[in-house]
Amino acid sequence: MKPPITIIVACGLGFAAMSAFGFAAPNTHHLEPNAPRTVTVTEAVTPPVIRAGLLQSTLILLPEEEKIATVFGGDTVDWVFDGGHVASRFISVKPKIANSSTDIHIVSDHGNEYTLQLREVSGDDDAHFDSKVFIVPGDKAAKDKLAELPVFVPASELDKVKQDAATAKAAEAAERKSAETKAEQYRSQYPSTLHFDYTWDKDKGKALGLQEIWRDDKFTYLRGQFQETPALYELKDKKGSLINFDYNDGLYTVPKELEHGYLTIGKQKVEFSRVEERR
């Protein structure tokens with residue numbers, strides 16, 4: 001067995017050889033995420049620096065009142081910008097190259113503009129990177145815009161609005177078509193629902209102005225030419241009682257099927273009753 005000193009010497013020679021040929025051990029850091037932090041963006045001040053980690057995702061969040069309308073990145077080759085598929089207040093940034101840097105410009109749906117500097121920090125002595133960054137507007141004008149209605153509609157929301165409008169329009173057209181079909185069916189079938197099965201004293205009716213009485217499945221109708229509008233009563237147990245009805249241009253419309261009743265003006269009175277309809 002060779003003594004342990006031989007291994008140490010061999011390793012030392014190996015490192016010496018690597019140094020002689022220009023090779024060096026890689027300087028690597030284990031990246032650690034920072035606690036979430038808040039940065040204030042002011043138009044007249046240098047954009048804040050966001051520390052990003054190689055192949056790590058840093059989440060940038062706009063104020064709760066805003067959504068991202070569009071994003072401009074200086075380096076879209078070595079950096080990945082991902083705002084998701086639905087308009088939101090979130091955007092993720094990720095560097096693909098060590099020690100790289102770029103800027104990012106975010107325009108919100110309220111018209112605010114936020115500029116940040118992004119820097120990859122895996123080569124720094126402090127290898128902590130920002131995992132989550134909250135943006136706060138520092139200018140009064142930008143803060144005031146948060147209380148106003150959005151001025152931009154993200155493309156994804158615009159597509160959804162158009163799709164919802166098209167769906168609502170199609171549903172309205174279908175509902176209108178269905179209503180027209182039902183109306184046509186009702187008009188075609190309505191004559192068969194009319195029943196002229198009332199009897200009354202024709203002479204008294206003529207003297208009063210009564211011309212016709214009929215019903216359908218829901219209403220009773222009385223038509224006449226009256227010099228004065230007669231009072232209409234329903235007869236039950238030989239007692240007359242006033243009933244609700246609509247009157248328009250000589251037509252009474254009673255919201256029920258009457259069995260017995262009468263019209264009267266002063267001393268004139270015409271009783272009517274429903275009988276079995278002749279076929």
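Here Asp109 contributes atom CG and Thr70 contributes atom OG1; the two are 12.0 Å apart, rounded to the nearest 0.5 Å.
Using a 4.5 Å heavy-atom threshold, the side chains of Val41 and Pro48 count as touching. At least one side-chain heavy atom of Ile104 sits less than 4.5 Å from a side-chain heavy atom of Val93.
Tyr252 and Phe245 have tilted rings, their planes meeting at an angle from 30° to 60° on a 0 to 90° scale. Between Phe81 and Trp79, the ring planes are parallel. Angles under 30° get that label, and only those over 60° would be called perpendicular. Under the 30°/60° scheme for interplanar angles, the aromatic rings of Tyr247 and Phe226 are found to be tilted.
Ion pairing between a basic and an acidic side chain is recognised when a charged N comes within 4.0 Å of a carboxylate O; Glu66 and Arg89 show no such pairing.
Taking all atoms of both residues into account, the shortest heavy-atom contact from Lys236 to Lys256 is NZ-NZ, 4.2 Å. Closest approach of His110 to Pro150, counting heavy atoms only: CE1-CG, 3.9 Å.
Between Tyr262 and the choices Leu232, Leu235, Val270, the side-chain contact (heavy atoms from CB on, under 4.5 Å) rule is met once, by Leu235.
Of the possible donor and acceptor atoms, one in the side chain of Asn112 sits under 3.5 Å from a partner among the backbone N and O of Ala142.
No donor-acceptor contact under 3.5 angstrom links the side chains of Ser273 and Glu271, judged on distance only. A side-chain donor-acceptor contact under 3.5 Å links Asp126 and His128.
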